[in-house]
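Each remark here refers to the structure printed beneath this line.
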Amino acid sequence: MPELPEVETIRRDLAKLIVGRKVLGIETNSPKQVQPSLEMVKKAITGTTIKKVQRRAKIIQIFFSNGKIIIVHLKLTGRLLVRKKEDKIDDWQHIMLSLSGDKELRFADSRKFGWFRLLKDEKELQKILKEFGPEPLDGLTLPVFQKILSSTSRPVKIVLMDQQRISGVGNIYANEALFLAKIDPRRPAKKMTKQAGEKLYQALEKVLRAGIKYRGASDQYYLDALGHKGFYQEHFLVYGRQGKRCLACSGTIKRISLGGRGTFYCPQCQK
DNA sequence: CCGACGCCCTGGGAGC
DNA sequence: TGCTCCCAGGGCGTCG
């Protein structure tokens, strides 16, 4: 599932691959995923040039030469692939942007939870983005992090994944960071000591940077913009490892459900 | 403010 | 081999 490191990897790929290209057309076979409508998007961006690609939280923003912006959320199974026009159809491709230079930007999404959304201008974008908490690798300081933790008694894993409090962290990196910091995912955030908060802050930064370094984690669906898998799954310490040996203490990794999400931890190490 | 739950959706695994 | 059933889960909405 694309989280901050996966979305950032795709953003960097797209910055290299599609900036400067002209939009020749757009098609879809899944109209509900194109907002407000295919016709509106087609009218707004056909003939424009892609100026830049940015990311905030798990949202990719594509800026066009006429000031219009498209934001993309990949949710669980979304992919943004840059292909040659003649390349074979991708699995689950639903939105196809025809680009100059014989290229195509394809949005593929098995689950169909993801979306493309046209925005009028920068102002509309800022209105959406201001609802998100700080970026863990850019703006989230230790004091701010400690304040976020102390502000709620919800389980600390839920807090890490709460996009309004901290942006970009999803299930994989939350699990991995809590393991590194040796903190039980169920622990009420405000009951954490300063020391535990600092360890978690450092662990979170560490796993997110590693995720970017390894070009993301590919469980079943994630691919970068060229269709390649990432490598971070080869470095998972707890995620998806239920029943296996803990890599730190030789206990057994357990899987529980927390906030309706699969949660993996070592009951011996994480207190 | 909070937690619980349903919904969107479909591939893939389990069970028979 | 093939059928049916059910679950995963990010974000959002609703309800109590």
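Chain identifiers are assigned alphabetically (A, B, ...) following the order of the sequence lines, protein sequences preceding nucleic acid strands; residue numbering begins at 1 within each chain. Side chains included, hydrogens not; waters and symmetry mates left out as well; all remaining heavy atoms used.
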Practice item. Could you tell me the separation between the CZ atom of A:R79 and the CD atom of A:Q93, rounded to the nearest 0.5 Å? Key: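 The CD atom of A:Q93 is 11.5 Å from CZ of A:R79, to the nearest 0.5 Å.
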Review point. Which distance, rounded to the nearest 0.5 Å, do you find between the CE of A:M1 and the CD of A:Q220?
Key: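 Reported to 0.5 Å precision, the distance equals 10.0 Å.
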Review point. At how many degrees, to 10°, do the end axes of the helix from B:dC2-C:dG16 to B:dC16-C:dG2 meet when each uses five pairs?
Key: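 Rounded to the nearest 10 degrees, the bend comes out at 50°.
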Can a donor-acceptor pair be found, under 3.5 Å and without considering hydrogens, that links the side chain of [X] to the backbone of [Y]?
X: A:T46; Y: A:G25; answer: no
X: A:R55; Y: A:A57; answer: yes
X: A:Y173; Y: A:G168; answer: no
X: A:S100; Y: A:K22; answer: yes
X: A:R11; Y: A:Q54; answer: no
X: A:N66; Y: A:T48; answer: no

Study note, to complete from the structure: Per nearest nucleotide of DNA chain C, the residue lying toward the 5' end, A:R255 or A:Q164, is A:R255
Practice item. Go through the side-chain N and O atoms of A:E6 and A:Y221 and say whether any donor and acceptor fall under 3.5 Å apart. Key: no
Exercise for review: Using distance alone, with no hydrogens and no angle criterion, decide if A:S98 and A:K85 have a side-chain donor and acceptor under 3.5 Å apart.
Suggested key: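 The answer is yes; a qualifying pair exists.
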State whether the number of non-hydrogen atoms from other residues, nucleotides or ligands found under 6.0 Å of [X] atom [atom1] is greater than 12.
X: A:K103; atom1: NZ; value: yes
X: A:D138; atom1: CG; value: no
X: A:K213; atom1: NZ; value: no

Review point. Residues from residues 257-267 of chain A sitting under 4.0 Å of DNA chain C, heavy atoms only?
Key: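 Going residue by residue through residues 257-267 of chain A, the ones with a heavy atom under 4.0 Å of DNA chain C turn out to be A:R261, A:G262.
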Review point. Near DNA chain C, which residues from residues 110-125 of chain A have a heavy atom under 4.0 Å away?
Key: A:R111, A:F113
Practice item. Please say which of A:Q270, A:K182, A:R186, A:R255 ends up in a side-chain hydrogen bond (donor to acceptor under 3.5 Å, both in side chains) with A:Y265. Key: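 Looking at A:Q270, A:K182, A:R186, A:R255, the match for A:Y265 under the side-chain hydrogen bond (donor to acceptor under 3.5 Å, both in side chains) is A:R186.
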**Study point:** Contact interval (first through last nucleotide) of DNA chain B with protein chain A, 4.0 Å heavy-atom
**Key:** B:dC2 to B:dG12
Point to revise | Nucleic acid contacts of residues 146-160 of chain A, taken as heavy-atom distances under 4.0 Å to DNA chain B | key: A:T152, A:R154
Exercise for review: Please work out whether the ring planes of A:H73 and A:W115 are parallel, tilted or perpendicular, with thresholds of 30° and 60°.
Suggested key: tilted
Practice item. Using the six-membered ring wherever Trp is involved, compare the ring planes of A:F264 and A:Y239 and label them parallel, tilted or perpendicular (cut-offs 30° and 60°). Key: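 Perpendicular, since the angle between the ring planes exceeds 60°.
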Check your understanding: So, for A:F179 and A:F236, is the gap between ring centers shorter than 6.0 Å?
Key -> no
Exercise for review: Please work out if A:Y221 contacts a base, only the sugar-phosphate, or nothing of the nucleic acid, heavy-atom cut-off 4.0 Å.
Suggested key: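 Contact class for A:Y221: sugar-phosphate only.
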Check your understanding: Going 5' to 3' on DNA chain C, which nucleotide is the first and which the last to come under 4.0 Å of a heavy atom in chain A?
Key -> C:dA8 to C:dG11
